[in-house]
Number of protein chains: 2
Amino acid sequence: MYLHRVMENVRHTGTAIEETLRVVGDRWSILLVRAGLRGIRRFDDFCDDLGIARPVLTERLRRLVKFGIFERVKYQDKPVRYEYRLTEAGLALSPALVALVRWSEEYSQESSSDVTLVHAPCGTELEQAFWCRSCQSTFGPNAVKGVASQLDS
Amino acid sequence: MYLHRVMENVRHTGTAIEETLRVVGDRWSILLVRAGLRGIRRFDDFCDDLGIARPVLTERLRRLVKFGIFERVKYQDKPVRYEYRLTEAGLALSPALVALVRWSEEYSQESSSDVTLVHAPCGTELEQAFWCRSCQSTFGPNAVKGVASQLDS
DNA sequence: ACCACTGAGTTCGGATTCCGAACTCAGTAT
DNA sequence: ATACTGAGTTCGGAATCCGAACTCAGTGGT
């Protein structure tokens, strides 16, 4: 393994996705985004809906706010109260969420899926694919290859 | 022992995504899948590539094998040695991974050199789409709709 | 005035999980 | 005989997670 390490000059720590997963890669964050997409905004509602422990919810929302996925908005003055709304960046996580839901439907053994995702105009159950612009064709994961981006080293 | 209580505490729990995130929703699992897609297969290579602690890697790989995302394959007899390969289900996580990578590229503040995913035959950077079989067309997340599967409640 | 209630948290102790470092074990190479 | 390899396991301490109970400002009912 040492030889392999020497030959591999590309270090894979410190990449963008690792940074992202340090924010979003836990048991709750994606579920919080999903709840946000379903219209949930208030602390106690997140708490009841997910069954997350309150101290953990506090910490998680703070982190998601810090990284721009939720924003903390005052919605009432008299007793000052805040709620949490998805930002544009938070909404932009929906493709990832959809992909995970799709995977869950197909591969999760623990059944009882809640919803099936369909193509809205026609109601057909959707499939997922990668699209190659230059080939003008869809393809599956077997035709995916990783290429190191050229930036410094 | 503690999980029992979590399982009994079924409110909105029990949906497929929650089950999935209990398997894959941690800081390492998605990164392990990504490493698998990059061709990494051996214990020490995962360890070295991700900087994950060995006991955690052991537990994580065991869980991913149990849930059918990796398989443990003997690749040598003399000293019997095993490696970990992505299954079909594991490969099928790549759309979710791609969605996260693309989100990272766009919204993550920390942006270092990463791996760009391309269409292997032609080298073009891939895009992501949903595919409707009956319409024979691709579409984006805005045209996705959720339909409740038949279920009590 | 008194009391219950609401929403958004905080505090508490205990259980679980994470970590790096060092160790094991069978087999190989020098 | 010694060193090394690959795939783990064992160890203790640090960090995180959990439910339950508490706080705090304001509101509404009697």
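Please read all numbers here as calculations on a predicted model, not as lab measurements. Numbered from 1 within each chain, the chains take letters A, B, ... in sequence-line order.
- Regarding B:L50, its CG atom lies at a distance of 15 Å from the C1' atom of C:dC19, rounded to whole Å.
- In this structure, the CD1 atom of B:I52 is 9 Å from the P atom of C:dC18, given to the nearest Å.
- To the nearest angstrom, P of D:dT5 lies 10 Å from CG of B:D44.
- Two residues, A:P55 and A:Q76, neighbour DNA chain D, and the one matched to the more 5' nucleotide by heavy-atom proximity is A:P55.
- Rounding to the nearest 0.5 Å places CG of B:L93 at 9.0 Å from CG of B:L37.
- Atom C1' of nucleotide D:dA7 and atom CZ of B:R85 are separated by 16 Å, given to the nearest angstrom.
- Per the geometry, CZ belonging to B:R63 stands 18 Å off C1' belonging to D:dG8, to the nearest Å.
- Contact check, B:Y84 against D:dG8: a side-chain N or O comes under 4.0 Å of OP1 or OP2.
- Here the P atom of nucleotide C:dT6 and the CD atom of A:E83 are 19 Å apart, to the nearest Å.
- When all heavy atoms are compared, the tightest approach of A:R54 to A:D44 is NH2-OD1, 2.9 Å.
- Atom-to-atom, CG of A:D45 to C1' of C:dG9 comes out at 14 Å; the value is rounded to the nearest Å.
- Around the CD atom of A:E88, the shell of radius 6.0 Å holds no more than 12 heavy atoms that belong to other residues, nucleotides or ligands.
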Nucleotides 25-30 of chain C: protein proximity per nucleotide (B base, S sugar-phosphate only, - neither; heavy atom, under 4.0 Å): -BSS--
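- Proximity note for B:R42 (side chain, C-beta onward) versus C:dA8, D:dG6, D:dT9: the nearest is D:dG6.
- Counting atom types as modelled, A:R54 pairs a side-chain N or O with a base atom of C:dG9 as donor and acceptor under 3.5 Å.
- Ion pairing between a basic and an acidic side chain is recognised when a charged N comes within 4.0 Å of a carboxylate O; B:E106 and B:R102 show no such pairing.
- Distance alone, capped at 3.5 Å, is enough to place a donor-acceptor pair between the A:R63 side chain and the A:V23 backbone.
- Both the sub-6.0 Å distance and the 45° axial angle are satisfied by B:R72 relative to the ring of B:Y82.
- For the helix from C:dA1-D:dT30 to C:dT30-D:dA1, the axis fitted to the five pairs at one end and the axis fitted to the five pairs at the other end meet at an angle of 10° (nearest 10 degrees).
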Under-3.5 Å N/O pairs linking protein and nucleotides 14-17 of chain D:
from: D:dC17; atom 1: OP1; to: A:R60; atom 2: NH1; distance (Å): 3.4
from: D:dC17; atom 1: OP1; to: A:R60; atom 2: NH2; distance (Å): 3.1
from: D:dC17; atom 1: OP2; to: A:R60; atom 2: NH2; distance (Å): 3.1

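- Residue A:L21 holds its CG atom at 10.5 Å from OG of A:S29, rounded to the nearest 0.5 Å.
- Side-chain atoms of A:W103 never come within 3.5 Å of backbone atoms of B:I17 as a donor-acceptor pair (strictly under, hydrogens ignored).
- Formation of a donor-acceptor pair under 3.5 Å by the B:S94 side chain with backbone atoms of B:L91 is found in this model.
- Using a 4.0 Å cut-off between a side-chain N of Lys or Arg and a carboxylate O of Asp or Glu, B:E83 and B:R85 qualify as a salt bridge.
- Listed pair A:R41 / C:dA8 fails the phosphate criterion, with no side-chain N or O lying under 4.0 Å from OP1 or OP2.
- Within the 4.0 angstrom heavy-atom criterion, no nucleotide atom of any strand lies near A:F46.
- With a 6.0 Å radius and a threshold of 12 heavy atoms from other residues, nucleotides or ligands, B:E59 has its CD atom above the threshold.
- Rounded to an integer number of Å, the gap from CG of B:D48 to C1' of C:dG20 is 15 Å.
- The backbone N or O of B:G68 sits less than 3.5 Å from a side-chain atom of B:T87, completing a donor-acceptor pair.
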